[in-house]
Amino acid sequence: MITRRLALAAAAVAAASPAMAQAYPDQPIRLIIPFAPGGPADLIARLIGARMGEKLGRPMVVESRSGAGGTIGVDAAAKARPDGYTLVLASTGAMAILPHMMPSMPYDPLRDLTPIGLVLAVPQVLAIAPGLPVNNVAELVALAKARPGTLAYGSAGTGSSLHLAGELFRLRAGIDITHVPYRGAAPAVTDLLAGRIQMLLADVPILLPQVRGGTLRALAVTGRERSDVLPDLPTMAEAGVAGVVSETWYGLLGPAGIPADRVAILQTALAATLREPATREALAAQGGRIADMDAAGFAAFIRADHTQWGEIVRTAGIRME
């Protein structure tokens with residue numbers, strides 16, 4: 001009798017297992033934005049969160065946890081329960097750049113997080129100050145070589161993706177240019193317009209109004225391919241400087257250890273969201289590319305980016321100020 005009861009109980013558990021697996025999610029999912037409200041990450045997270053929530057049948061509740069270049073929010077996600085109910089929209093800095101620069105990182109980006117999918121990768125635009133006597137990247141490189149140490153490029157701060165893009169350009173072009181860090185991209189754009197710095201590599205949306213309006217001249221983009229919103233601009237490779245590929249990317253991750261079936265559910269919902277024409281149009285307005293990439297592909301992408309920026313940080317000798 002006891003044996004029969006045990007067999008019946010085991011059968012009941014086995015029958016219930018698929019239903020239990022399919023029950024996810026059965027409560028709202030928290031989506032952490034590691035940056036202040038109102039910026040690109042906030043816009044992307046709210047758009048993706050709303051559409052994924054509809055597909056999953058449960059709302060994705062956006063929570064801002066900004067600070068320390070995005071590492072505070074990513075750390076909060078890394079330390080959450082690995083049940084698929086806490087996710088983060090992480091980006092290049094906190095995942096691939098700052099881990100090589102901060103003296104004590106609170107998490108390991110390759111070990112402590114579960115990649116779900118890449119959302120958007122936004123290249124930088126190389127723009128020059130009005131009146132600078134160059135017409136293309138080759139002429140800019142020639143001018144920098146003729147006047148070593150006298151041309152300056154701005155960034156959104158030491159360790160920002162804009163800083164690393166400038167260092168990547170400096171190293172690949174073999175030129176001596178000076179880094180001027182600012183507290184954000186906006187003051188760097190102001191000084192570029194005024195001619196106080198000679199060049200700036202900034203994400204496409206930051207410079208798009210000035211480039212389209214003709215107040216700034218753009219020479220190239222740092223993407224793997226041309227930008228849809230600036231199709232006449234060559235890539236850096238097309239402009240003659242190979243190996244300058246730099247993108248500020250945004251991707252969905254959770255803490256390490258999320259069950260594979262839940263990762264698959266989330267990845268499927270994200271992929272379906274990114275296929276929607278309205279979603280693609282809204283993201284394309286940010287000047288980036290939407291990648292068709294599963295969780296494994298995203299994990300490989302993060303590892304490659306982590307390796308590339310680690311090499312640049314070490315070669316350039318960049319340290320946190």
Query - Positive for side chain to side chain contact (heavy atoms under 4.5 Å, CB included) with Leu266, one of Leu252, Ile29, Thr114 - result: Ile29
Minimum heavy-atom distance between [X] and [Y], given as atom pair plus value:
X      : Y      : result
Thr215 : Leu193 : O-CD2, 3.7 Å
Glu238 : Arg226 : OE1-NE, 2.9 Å
Val119 : Leu270 : CG2-CD1, 4.1 Å

Distance (rounded to the nearest 0.5 Å) between [X] [atom1] and [Y] [atom2]:
X      : Y      : atom1 : atom2 : result
Trp249 : Ser91  : CH2   : OG    : 7.0 Å
Tyr250 : Ile48  : OH    : CD1   : 13.0 Å
Leu201 : Leu207 : CG    : CG    : 9.0 Å
Leu89  : Met60  : CG    : CE    : 9.5 Å
Leu126 : Met236 : CG    : CE    : 5.5 Å
Ile128 : Arg217 : CD1   : CZ    : 3.5 Å

**Report entry** Stepwise side chain to side chain contact (heavy atoms under 4.5 Å, CB included) test for Val229 and Arg212
**Finding:** CA-CA 10 Å; Val229 297; Arg212 283 180 169 170; 3.7 Å; yes
**Report entry** More than 12 heavy atoms from other groups under 6.0 Å of CG on Asp228
**Finding:** no
Report summary line: Result for side-chain hydrogen bond (donor to acceptor under 3.5 Å, both in side chains) between Ser155 and one of Glu167, His179, His163 points to His179
Pair up each side-chain donor or acceptor in residues 95-103 with any protein partner under 3.5 Å, not counting sequence neighbours, and list the distances.
from   : atom 1 : to     : atom 2 : distance (Å)
His100 : NE2    : Ala96  : O      : 3.4
His100 : NE2    : His306 : O      : 2.8

Query raised in the report: Are the side chain of Thr235 and the backbone of Thr222 linked by a donor-acceptor contact shorter than 3.5 Å?
Result: no
Requested in this report: Report yes or no: do Ser161 and Thr92 form a side-chain donor-acceptor pair below 3.5 Å?
Outcome: no
Query - Derivation of the side chain to side chain contact (heavy atoms under 4.5 Å, CB included) call for Arg147 and Gln198 - result: CA-CA 12 Å; Arg147 296 162 51 184; Gln198 286 70 51; 5.9 Å; no
Transitive ILVMFWY side-chain link [X] to [Y], under 4.5 Å:
X      : Y      : answer
Leu143 : Tyr153 : yes
Leu253 : Ile72  : no
Val122 : Ile206 : yes
Ile32  : Tyr107 : yes
Val74  : Phe35  : no

Query raised in the report: Could you give all pairs that pass the salt bridge (charged side-chain N to carboxylate O under 4.0 Å, His left out) test and reach residues 194-204, with sequence neighbours left out?
Result: Asp191-Arg196
Report task. Assess whether salt bridge (Lys or Arg N to Asp or Glu O under 4.0 Å) is satisfied between Arg289 and Glu225, documenting all intermediate values. Result -> CA-CA 9 Å; Arg289 64 181 179 90; Glu225 55 196 39; 5.9 Å; no
